[in-house]
Participant: 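Before I ask anything, let me first share the structure, which is written out below as structure tokens.
We number each residue from 1, following the sequence as shown.
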Amino acid sequence: MKILFLDQSGKPGGAELCLIDIAKPYSDRCKVGLFADGSFKSLLIQNKIPVEVLASQAIQVHKESSLTQGLGSLAQLAPIITKVAKIAREYDLIYANTQKALVVGAIASFISRRPLVYHLHDILSDEHFSKTNRRIAVTCANFASLVIANSQASKTAFVKAGGRANLTEIVYNGFDSKKYQISESDVKQLRQKLSLEGQFVVGHFSRLAPWKGQHILIEALAKCPQEVTVLLVGDALFGEQDYVESLHSQVTNLGLDKRVKFLGFRSDIPQLMSACNLVAHTSISPEPFGRVIVEAMLCGTPVVAAASGGAIELVEHDINGFLATPGKSQELAQIISACLQEPEKAAAIANNARITASQRFDVTIINQQIAELLERNFNQKNYTRLHK
């Protein structure tokens, strides 16, 4: 099966990291078409996945875009659609990995007469997307032959927004657990380098954005014992620099300058997670999946997650992690303090999480699930019919 993957981003977010794992088994018979250049292209090349940048400038459509703005982008999309439709004729199907890729892929699918698969990595709700963008996404997705949702939460929101339930299958993200097995000597060296000796370290791993809730973690830190330190790993991505400045001001106003470290974007995520005593996920809006939650589990680090969206499908409170009410800093502070005071309990829960996550989210099993879905929906008989 020859697959043309499409993704709008030049930067590696959760959806892009997931795409690398999905595309690897097809590396000798696939291509990834990107709508922007950047470090994601380099990652694909490192993984020996064929890639081509299809756009010369970024597409100016955002999650909150109005109908007028959306229509105005069509002229910008037209050359990409033409290019994708031409390339798609060399492949058996188009696999759209993001929303902008879905719009382009849906039209190119119609022109090229190649079936369309949409991998849904978002919760299509008014908290995340404008009404116009939700309507466009659902209309295009309903044109697809298959929609793969990354959680029950994503599927539920999609169907509620008008998506066709009979098109949609749930497949969680896959992970290679070997990448998260970090030696104790590496952990010790990193903690020394970051001056974390004797500290109880709480890590937060995501881009810095209001809905990711870093400010909630800082509020909680002010209510925790002095030995608790926070690492904020990530930075602003989509014009959210004002929020970053507000976080720095919040830290200073609360007298936490010596207890919060802003590390920016890092490539050594498994090492940093392993160096933490606890990983906090604090999104105040529902998360579609929660990749960092599973990554922390695989590192053997206890995790506390906001109890909404896909996170509640990953974490069972007091069994393989902890759940806190989104936006409640006092509740979060209590869980952090409990993990500090009861390290044996936290370690036992983290060990249970590592075992279950390595089985439940194994990339080989996840890729097999996707391969079976593609085979079931796009067998040779369908290829012949669609290609005529």
Participant: List the residues meeting side-chain contact (heavy atoms from CB on, under 4.5 Å) with Gln250, not counting sequence neighbours, and say none if there are none.
Facilitator: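 side-chain contact (heavy atoms from CB on, under 4.5 Å) list for Gln250, sorted by chain: His215, Ile218, Glu219, Leu247, Leu254.
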
Participant: Shortest non-hydrogen contact from Ala108 to Ile94?
Facilitator: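 Closest heavy-atom pair between Ala108 and Ile94: C-CD1, 4.1 Å.
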
Participant: Heavy atoms only: give me the nearest Val303-Ala296 pair and the separation to one decimal.
Facilitator: CB-CB, 4.2 Å

Participant: Under the rule for side chain to side chain donor-acceptor pair (under 3.5 Å), what residues qualify as partners of Asp242, not counting sequence neighbours?
Facilitator: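 Once residues adjacent in sequence are excluded, Asp242 has no partner under the side chain to side chain donor-acceptor pair (under 3.5 Å) criterion.
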
Participant: For Gln189, does the CD atom have more than 12 heavy-atom neighbours from other residues, nucleotides or ligands under 6.0 Å away?
Facilitator: no

Participant: Please, which pairs that meet salt bridge (charged side-chain N to carboxylate O under 4.0 Å, His left out) have at least one residue in residues 76-91, sequence neighbours excluded?
Facilitator: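 Listed by first then second residue: nothing to list.
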
Participant: Show every salt bridge (charged side-chain N to carboxylate O under 4.0 Å, His left out) that has at least one partner inside residues 258-279, sequence neighbours left out.
Facilitator: Arg266-Asp268

Participant: One pair to check against side chain to side chain contact (heavy atoms under 4.5 Å, CB included): Leu54 and Leu6. What are the steps and the verdict?
Facilitator: CA-CA 10 Å; Leu54 304 175; Leu6 299 177; 4.2 Å; yes

Participant: Linking I/L/V/M/F/W/Y whenever their side-chain heavy atoms sit closer than 4.5 Å, directly or via other members, would Leu77 and Ile136 fall into one cluster?
Facilitator: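 Hydrophobic grouping puts Leu77 with Ile136.
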
Participant: Using every non-hydrogen atom in the two residues, find where Val292 and Phe205 come nearest and quote the distance to one decimal.
Facilitator: CG1-O, 3.1 Å

Participant: If the test is ring-ring contact (aromatic ring centres under 6.0 Å, His included), which one of Phe35, Tyr95, Tyr91 qualifies with Phe5?
Facilitator: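 So, applying the ring-ring contact (aromatic ring centres under 6.0 Å, His included) to Phe5 and each of Phe35, Tyr95, Tyr91, only Tyr95 qualifies.
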
Participant: Show which residues join Ile182 in its hydrophobic cluster (side-chain heavy-atom contacts under 4.5 Å, direct or indirect), or state none.
Facilitator: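 Cluster partners of Ile182: Val187.
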
Participant: I'd like a table of donor-acceptor pairs (distance under 3.5 Å, sequence neighbours excluded) in which one partner is a side-chain atom from residues 154-164, with atom names and distances.
Facilitator:
unit_1	atom_1	unit_2	atom_2	d
Ser154	OG	Asn150	OD1	2.7
Ser154	OG	Ser151	OG	3.2
Thr156	OG1	Gln152	O	2.9
Thr156	OG1	Gln152	NE2	3.1
Arg164	NH1	Asn142	O	3.2

Participant: Can you give me the closest heavy-atom contact between Gln99 and Phe129, atom names plus distance?
Facilitator: NE2-CE2, 3.0 Å

Participant: Please walk me through it: do Thr282 and His204 pass side-chain hydrogen bond (donor to acceptor under 3.5 Å, both in side chains)?
Facilitator: CA-CA 8 Å; Thr282 58; His204 193 290; 2.8 Å; yes

Participant: Does Ile123 belong to the same Ile/Leu/Val/Met/Phe/Trp/Tyr cluster as Leu120, with side-chain heavy atoms less than 4.5 Å apart forming each link?
Facilitator: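 Result: no, two separate clusters.
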
Participant: Which side-chain hydrogen bond (donor to acceptor under 3.5 Å, both in side chains) pairs, counting each pair once, include a residue from residues 19-37, with sequence neighbours left out?
Facilitator: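 Every side-chain hydrogen bond (donor to acceptor under 3.5 Å, both in side chains) pair that includes a residue of residues 19-37, provided the two are not neighbours, is Lys24-Asn47, Lys31-Glu52.
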
Participant: Applying side-chain contact (heavy atoms from CB on, under 4.5 Å), can you list everything that pairs with Thr356, at least two apart in sequence or on another chain?
Facilitator: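 By the side-chain contact (heavy atoms from CB on, under 4.5 Å) rule, Thr356 matches Asn320, Asn352.
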
Participant: Between Asn377 and Ser145, does any side-chain donor sit less than 3.5 Å from a side-chain acceptor?
Facilitator: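 Per modelled atom types, Asn377 and Ser145 side chains form no pair under 3.5 Å.
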
Participant: Using a cut-off of 6.0 Å, state whether more than 12 heavy atoms not belonging to Glu197 lie near its atom CD.
Facilitator: yes

Participant: If Ile, Leu, Val, Met, Phe, Trp and Tyr residues are connected whenever their side-chain heavy atoms lie under 4.5 Å apart, and connections chain through other members, are Met297 and Leu323 in the same group?
Facilitator: yes

Participant: Are any of the side-chain heavy atoms of Leu374 and Ile3 separated by less than 4.5 Å?
Facilitator: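 The answer is yes; the side chains approach within 4.5 Å.
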
Participant: Of all heavy-atom pairs between Phe322 and Cys339, which one has the smallest distance, and what is that distance?
Facilitator: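 Result for this residue pair: CE1-SG, 3.5 Å.
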
Participant: Among all residues two or more places apart in sequence or in another chain, which pass the side-chain contact (heavy atoms from CB on, under 4.5 Å) test with Leu237?
Facilitator: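 Scan of Leu237 (side-chain contact (heavy atoms from CB on, under 4.5 Å), adjacent residues dropped) gives Lys11, Arg207, Phe265.
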
Participant: Is there a side-chain hydrogen bond (donor to acceptor under 3.5 Å, both in side chains) between Ser183 and Asp186 once you walk through the steps?
Facilitator: CA-CA 5 Å; Ser183 69; Asp186 286 346; 3.2 Å; yes

Participant: Quick check: do Ile22 and His119 have side-chain heavy atoms less than 4.5 Å from each other?
Facilitator: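 Answer yes - side chains close enough.
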
Participant: Name all pairs fulfilling the salt bridge (charged side-chain N to carboxylate O under 4.0 Å, His left out) condition that reach into residues 317-332, sequence neighbours left out, sorted by first residue then second.
Facilitator: Asp318-Lys345

Participant: With a distance cut-off below 6.0 Å to the six-membered ring centre and an angular limit of 45° from the axis, does Arg360 pair with Tyr172 as a cation-pi contact?
Facilitator: yes

Participant: Please report the shortest heavy-atom distance between Ala141 and Leu167, naming the atom on each side.
Facilitator: O-CD1, 3.8 Å

Participant: Could you tell me whether the side chain of Asp7 and the main chain of Ser9 form a donor-acceptor pair under 3.5 Å?
Facilitator: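 Yes, because the side chain of Asp7 sits within donor-acceptor range (under 3.5 Å) of the backbone of Ser9.
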
Participant: Are the aromatic rings of Phe289 and His121 close, with centres under 6.0 Å apart?
Facilitator: no

Participant: Answer whether the closest heavy-atom distance between the side chains of Phe110 and Leu116 falls below 4.5 Å.
Facilitator: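 When only atoms from C-beta onward are counted, Leu116 and Phe110 do not touch, as no gap falls below 4.5 Å.
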
Participant: Return each pair, listed once, that meets side-chain hydrogen bond (donor to acceptor under 3.5 Å, both in side chains) where at least one residue sits in residues 291-301; pairs must be two or more places apart or across chains.
Facilitator: Tyr180-Glu295

Participant: Among residues at least two apart in sequence or on other chains, which ones pass side-chain contact (heavy atoms from CB on, under 4.5 Å) with Ser283?
Facilitator: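 Counting only residues at least two positions away or on another chain, Ser283 forms a side-chain contact (heavy atoms from CB on, under 4.5 Å) with Trp211, Lys212, His281, Glu287.
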
Participant: Spell out, yes or no, whether Ile355 and Ile349 are grouped together once hydrophobic residues are joined by side-chain heavy atoms under 4.5 Å, including indirect joins.
Facilitator: no

